[in-house]
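Written below as structure tokens is the structure these notes are about.
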Amino acid sequence: MEENTLAVQYSYDSSENLYPRRVLVTGGAGFIGSNFVHHWCNAYPEDRIVVLDALTYAGNRQNLATLEDREQFKFVEGNICDRTLIDKLLEEEAIDTIAHFAAESHVDRSILGPDAFIQTNVVGTLTLLEAFRHYWNQHQQPDHYRFLHVSTDEVYGSLGPEDPPFTETTPYTPNSPYSASKAGSDHLVRAYYHTYNLPTIITNCSNNYGPYHYPEKLIPLMCINILLGKPLPIYGDGQNVRDWLYVLDHCRALDVVIHRGKPGETYNIGGNNEVTNLDLVKMLCRFMDELASHHLPVKPSMDLITFVKDRPGHDRRYAINSSKLKTQLGWAPLVTVEEGLRQTVGWYLTHRHWWEPLLSEEYQAYYRQVYA
Ligand code: NAD
Ligand code: DAU
């Protein structure tokens with residue numbers, strides 16, 4: 001895992017694993033999925049990990065390159081809407097756990113075109129649930145099987161400045177096509193527990209950041225633009241608030257939920273790190289100026305900050321209350337936002353070979369559409 005531990009060292013406790021698991025990771029070539037696969041392979045070398053990923057624009061096999069030679073690991077290129085393929089994989093690989101990350105994940109793209117979001121996030125999740133239900137029944141409904149559905153805090157809508165953070169009982173109020181499609185998938189997952197007793201668990205997480213984050217999202221976009229000397233586009237007044245969580249802290253939380261979580265439950269996962277977008281971008285500029293002082297086309301990089309037209313329907317504030325996960329399952333984040341952001345800035349600085357090929361003609365066309 002040498003590429004993505006950065007300076008953060010986690011200790012792995014494999015006593016948690018009562019028996020080796022055989023995990024199907026959907027979307028494992030994306031940002032969080034690939035970090036999760038690295039985490040799991042290192043923590044549980046006796047487990048089997050099968051990644052199923054359609055390699056959309058956001059999927060990148062390079063994220064998993066250092067695992068390709070491991071016997072415990074297998075990569076399958078395919079779509080979660082392909083029921084025949086999923087049935088075959090579940091049986092052939094004797095899967096007992098699905099960790100479901102595959103999704104269309106970018107709010108701005110959902111505003112440009114919602115169709116793919118409904119197809120993958122809703123229809124794809126339904127396809128997986130149906131396949132897993134039949135497979136679980138055929139195997140006499142083993143107790144330890146799990147279907148972990150990785151979802152988002154965006155399903156809860158937008159908070160005012162004085163509102164308490166989202167809890168697991170906050171009503172759903174999705175505001176973008178992306179969050180509406182995730183809400184739809186959450187409802188299906190919940191219904192499969194209540195109707196069929198399928199051992200599903202839902203997690204709703206705040207904004208992640210860290211290595212392998214695709215360039216379209218705020219933090220990588222800003223890091224890359226600073227390195228290229230391009231404007232740093234801040235939507236609206238820059239006072240929208242997000243609750244930032246270092247991606248490996250998220251992976252540790254998912255690990256705990258798979259091993260100790262209760263079927264039918266929902267767990268919120270947050271970083272307890274609320275920051276306005278403007279403050280966050282200023283921090284990135286400061287760290288980049290410190291770490292890359294001789295290599296920046298424009299310095300100080302804060303000079304690149306540019307306010308641009310707001311995102312339509314832009315949610316003002318997200319904040320997560322993760323006390324259920326802490327008190328019931330014993331998880332808490334380990335990485336402070338200062339520490340995590342500094343490491344992440346360092347990663348983008350030293351991984352130009354990773355992000356440069358992603359700035360393709362297709363990506364530039366997307367960029368022009370959003371930022372023109
Ligand atoms: P990502 O866009 O980086 O990766 C998504 C992955 O899914 C890609 O590898 C892509 O190729 C794959 N994929 C897309 N459609 C597919 C399909 N039909 N079949 C198979 N594979 C497909 O996303 P991410 O940021 O890693 O997010 C992962 C999950 O976590 C998503 O479900 C997202 O909603 C959720 N989430 C993300 C965040 C965040 O901050 N990034 C926060 C909370 C929840
Ligand atoms: O909250 C969890 C969600 O976080 C996940 O479910 C989504 O998959 C993930 O993409 C993320 O959604 P956001 O919309 O919050 O992330 P994004 O990085 O796109 O934007 C973060 C904030 O920064 C948001 O308020 C919009 C703003 N922004 C974003 C971009 C790309 C800008 O001001 N300028 C930009 O260029």
Side-chain angles (χ1 to χ4, degrees), residues 25-36 51-61 63-64 76-82 85-86 99-111 116-117 119-121 123-125 127-128 149-156 158 166 174-176 178-179 181-182 185-186 203-210 212-222 225 231-245 247 250 254 269-271 275-278 280-281 305-311 314-320 367 370-371:
V25 183
T26 73
F31 163 49
I32 305 175
S34 61
N35 277 285
F36 176 82
V51 169
L52 172 65
D53 197 296
L55 295 181
T56 68
Y57 79 92
N60 187 347
R61 229 174 138 164
N63 299 359
L64 301 166
V76 177
E77 182 173 345
N79 200 303
I80 56 166
C81 299
D82 182 345
L85 172 64
I86 294 160
H100 176 33
F101 295 88
E104 289 293 336
S105 69
H106 192 35
V107 174
D108 292 325
R109 287 192 194 249
S110 81
I111 294 167
F117 288 73
Q119 190 57 33
T120 287
N121 300 1
V123 179
T125 301
T127 309
L128 275 177
H149 177 61
V150 179
S151 191
T152 170
D153 59 0
E154 301 203 11
V155 296
Y156 299 123
S158 183
F166 303 127
N175 290 321
S176 71
Y178 162 69
S179 53
S181 69
K182 291 297 287 187
S185 64
D186 291 11
T203 54
N204 294 92
C205 185
S206 63
N207 286 63
N208 284 221
Y209 68 98
Y212 304 124
H213 206 177
Y214 188 79
E216 68 194 351
K217 306 281 168 60
L218 179 74
I219 289 179
L221 186 142
M222 295 297 165
N225 282 14
L232 308 179
I234 296 189
Y235 296 159
D237 61 4
Q239 294 307 307
N240 302 67
V241 172
R242 296 292 182 265
D243 176 0
W244 292 98
L245 176 68
V247 64
H250 184 195
L254 298 176
I269 309 172
V275 189
T276 66
N277 292 339
L278 184 58
L280 182 103
V281 172
I305 289 178
T306 313
F307 290 91
V308 300
K309 194 164 151 259
D310 209 352
R311 170 187 279 175
H314 196 174
D315 284 338
R316 194 65 174 168
R317 173 176 165 239
Y318 303 141
I320 277 275
Y367 198 94
V370 175
Y371 299 97

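What you are looking at is a predicted structure, and each value in this text was computed from that prediction instead of being measured. First listed ligand is number 1; within each ligand, the first listed atom is number 1.
Residue contacts with ligand 1 do not include Ser34, since none of its heavy atoms lies under 4.0 Å from the ligand. The shortest heavy-atom distance from Gly28 to ligand 1 is not under 4.0 Å. The shortest separation from a heavy atom of Thr26 to ligand 1 is not under 4.0 Å, leaving the residue out of contact. Within the structure, ligand 1 has Tyr178 among the residues with a heavy atom less than 4.0 angstrom away. Not a single heavy atom of Tyr214 sits under 4.0 Å from any atom of ligand 1.
Between Tyr214 and Tyr57, the distance separating the two ring centers is shorter than 6.0 angstrom.
By the 3.5 Å distance cut-off applied to N or O atoms, Asn207 is counted among the residues near ligand 2. Ligand 2 has a nitrogen or oxygen under 3.5 angstrom from a nitrogen or oxygen of Thr152. Where the criterion is an N or O separation shorter than 3.5 Å, residue side chain and backbone included, Tyr318 fails it with respect to ligand 2. Of the polar atoms of Arg242, at least one N or O is found under 3.5 Å from an N or O of ligand 2, judged by distance alone. At under 3.5 Å, not a single nitrogen or oxygen of Ile234, backbone or side chain, sits near a nitrogen or oxygen of ligand 2.
Residue Ser151 holds the heavy atom nearest to atom 44 (C) of ligand 1 of all those in Cys205, Ala116, Ser151. For atom 27 (C) of ligand 2, the nearest non-hydrogen atom from the set Asn277, Asp237, Leu245 comes from Asn277. In this structure, of Tyr209, Tyr367, Tyr235, Trp244, the residue bringing a heavy atom nearest to atom 30 (C) of ligand 2 is Tyr235. Considering only non-hydrogen atoms, atom 17 (P) of ligand 2 lies nearest to Arg311 out of Lys182, Glu216, Arg311.
Regarding atom 42 (C) of ligand 1, its nearest protein heavy-atom neighbour is Ser206 O, 3.3 Å. Of the protein's heavy atoms, Asp53 OD2, 2.6 Å lies nearest to atom 9 (O) of ligand 1. Counting only heavy atoms of the protein, atom 5 (C) of ligand 1 lies nearest to Ala103 O, 3.5 Å. At the top of the distance list for atom 32 (O) of ligand 1, counting protein heavy atoms only, stands Lys182 NZ, 2.6 Å. Taking atom 4 (O) of ligand 1 as the reference point, the nearest protein heavy-atom neighbour is Gly30 CA, 3.4 Å. Looking at atom 38 (C) of ligand 1, its nearest protein heavy atom turns out to be Ile32 CD1, 3.5 Å. Counting only heavy atoms of the protein, atom 29 (C) of ligand 1 lies nearest to Phe101 O, 3.2 Å. In this structure, the protein non-hydrogen atom closest to atom 1 (P) of ligand 1 is Ser105 OG, 3.5 Å.
Under 4.0 Å is where a charged nitrogen must lie from a carboxylate oxygen, and between Glu77 and Arg61 no such pair does. Using a 4.0 Å cut-off between charged side-chain N and carboxylate O, Lys217 and Asp108 make no salt bridge.
With a 4.0 Å cut-off on non-hydrogen atoms, Lys217 touches ligand 2 through its backbone as well as its side chain. Residue contacts with ligand 2, taken as heavy atom pairs separated by less than 4.0 Å, involve Val107 solely via side-chain atoms from C-beta onward.
When only modelled atom types and interatomic distance are considered, Asn35 and Asn208 share no side-chain donor-acceptor pair under 3.5 Å.
Close approach to Val150 involves these atoms of ligand 1, each under 4.0 Å from a residue heavy atom: 30 (O), 32 (O).
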